[in-house]
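Here is the structure we will look at.
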Amino acid sequence: MRSTAGVKGSQTRDVMINALDSYNIRVVTPTSCDKYPAKHHARNVARKLGASSGLIFLSGQPTINLRDSDQSRPFRQRRYFYYLCGVDEPDCSLTYDIGQDLLILYVPDFDLHRAIWMGPTLSREDAQDRYDVDCVRYHTALRYDLQAWLDERKQGSELYLLHESEKPEGLPKDLPLELEQLAPAMDAARGVKDEYEIRMIRQANKVSGLAHRGILENIQTMHNESQIEGSFLNTCISHGARNQAYQIIAASGPNAAVLHYDRNNESLHKRPLVCLDAGAEWNCYASDVTRTFPLTGDWPSDYVRDIYKLVERMQEECIRKIKKGVRFLSLHDLAHDIAIEGLLALGIFKSGTNLEIRQSGASKVFFPHGLGHHVGLEVHDVSERSIMALHKGFDQQQYGPILNSTCLSPCTLSAPLLEEGMVVTVEPGLYFSPLALANARRQSYARYIDFDIAEKYVHIGGVRIEDDILVTATGYENLTDAPKGEEMLAIIRGSV
Ligand code: GLY
Ligand code: MN
């Protein structure tokens with residue numbers, strides 16, 4: 001039996017009774033908690049700003065046509081804007097009056113022509129119902145509201161913008177602008193996820209897990225990287241995730257050595273592995289998932305198996321250590337340590353101790369990127385400080401050899417620790433790039449690399465394994481459930 005009763009507003013209550021078990025009753029009651037927690041985010045940003053008054057003004061992504069075309073650019077909401085209202089529609093803006101604790105959403109004025117061609121834009125009533133904002137007004141009211149705020153503002157109250165170019169039009173020139181503090185405050189707030197955001201990232205991971213699994217189940221029938229990309233998109237879109245969090249990387253064989261390969265159009269014939277880095281987005285929240293797998297469900301050679309097992313160990317040992325208070329950089333360090341030990345055992349490194357090889361910088365030839373990054377509204381999400389950031393002095397000495405410039409935040413040298421509610425990727429990889437190897441031959445650390453042996457791995461391209469990890473009060477939770485390791489092989493073989 002299933003009954004649906006309308007309740008106040010647009011909410012419904014579903015009561016489902018399992019025919020086989022009349023005690024199993026599931027009551028699903030969406031509450032206001034199911035709205036995007038915009039007010040909570042706005043207050044959090046105000047706290048991070050340390051301000052008791054002032055006005056935050058943010059515009060969302062406007063509709064923009066492609067250059068020299070009458071077709072619009074695919075819409076992607078601006079993440080800072082979304083964080084403060086949860087609205088995934090173009091041409092909106094918002095203000096948050098910190099002193100009044102008043103969040104106002106501005107929606108586009110009604111446009112008959114646009115409504116006939118594209119469907120109506122948000123009405124005030126719909127928006128008020130759907131979003132956790134105090135008030136919804138049409139765009140025309142914005143200028144007058146801002147002028148009223150300026151007229152009434154107390155001395156010292158500032159107008160917070162992200163960029164000077166976003167100054168609202170039609171206002172006096174001498175606005176009390178504050179342009180430096182809003183971005184860092186929002187980055188700090190966004191770095192730690194609340195329960196709602198974690199739910200979105202979890203759901204994005206669910207869909208990605210299904211899409212990765214679907215490819216493993218069918219890879220033996222596929223002939224080209226393009227089919228992998230097509231299958232991933234098909235599963236995601238069919239399950240309600242229309243957008244990808246980033247460009248799909250379906251890299252077979254040597255292509256896997258190109259970290260952000262995205263041509264995805266080569267034959268799979270005789271390719272030992274596929275590195276598939278692909279993650280769905282759910283309500284603007286990202287997942288970021290990489291799996292590397294053979295085409296038949298068996299490791300095609302010891303070379304392939306050994307590298308997979310080594311990366312697997314790097315990932316498992318790093319994930320196991322995650323908990324609040326841990327410094328992410330120390331996990332990056334651990335991953336390098338395991339990589340060096342493993343590559344020494346395989347004969348790819350030679351003539352040095354683990355420490356000598358590490359200090360020489362040679363391990364960056366094979367593991368050139370950072371261990372991970374925050375995940376949230378952006379796949380490489382913002383945070384107060386980069387999780388790969390360094391302390392001055394001591395850190396430069398200790399970590400310099402195992403960090404590429406791309407691992408470092410350009411704006412900070414502080415040393416952040418993991419906090420409860422952060423979501424980070426753990427994505428170690430080992431790559432055999434002909435370009436990187438050719439460059440390595442010219443470096444002083446070349447003496448630690450046996451190039452004849454390393455060349456034997458070039459056909460593999462690389463292995464990366466990546467999961468999204470939530471830092472909890474007591475440790476961690478892995479939000480990624482895409483199959484890996486033995487389960488992954490069994491699915492490819494069709495034996496599960
Ligand atoms: N998964 C893509 C990246 O982290 O760069
Ligand atoms: Mn990643």
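No hydrogens, no waters, no symmetry mates; every other heavy atom, side chains included, goes into these values. Fair warning: this is a prediction, and the values are worked out from it, not measured in the lab. Numbering of ligands and ligand atoms starts at 1, following listing order.
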For Lys48, side chain to side chain donor-acceptor pair (under 3.5 Å) partners two or more places apart: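 Listed in chain order: nothing, the list is empty.
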Proximal protein residues to ligand 1, non-hydrogen atoms under 4.0 angstrom: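 Tyr246, His260, Asp277, Asp288, His373, His380, Glu427, Glu466.
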Pair listing, ring pair (Phe, Tyr, Trp, His ring centres under 6.0 Å) test, anchored in residues 240-274, at least two apart: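 Residue pairs passing ring pair (Phe, Tyr, Trp, His ring centres under 6.0 Å), neighbours aside: none found.
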Heavy-atom donor-acceptor pair, Glu281 side chain to Ala286 backbone, under 3.5 Å: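 Such a contact is absent between Glu281 side chain and Ala286 backbone.
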Under 3.5 Å: donor-acceptor pair, side chain of Ser72, backbone of Thr63: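 Judged by distance alone, no pair lies under 3.5 Å.
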Tyr448, Phe366, Tyr445 screened by ring pair (Phe, Tyr, Trp, His ring centres under 6.0 Å) with Phe349, the one that passes: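 Among Tyr448, Phe366, Tyr445, the one meeting ring pair (Phe, Tyr, Trp, His ring centres under 6.0 Å) with Phe349 is Phe366.
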So, taking the atom named [atom1] in [X] and the one named [atom2] in [Y], what distance separates them when rounded to the nearest 0.5 Å?
X      : Y      : atom1 : atom2 : value
Lys309 : Met314 : NZ    : CE    : 15.0 Å
Ile465 : Glu427 : CD1   : CD    : 11.5 Å
Glu217 : Ser231 : CD    : OG    : 9.5 Å

Cut-off under 2.8 Å, centre the Mn ion (ligand 2), protein N/O/S atoms: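 Checking every protein N, O and S atom gives Asp288 OD2, His373 NE2, Glu427 OE2, Glu466 OE2.
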Atom NZ of Lys39 with >12 non-hydrogen neighbours under 6.0 angstrom: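 Atom NZ in Lys39 is crowded, with more than 12 foreign heavy atoms closer than 6.0 Å.
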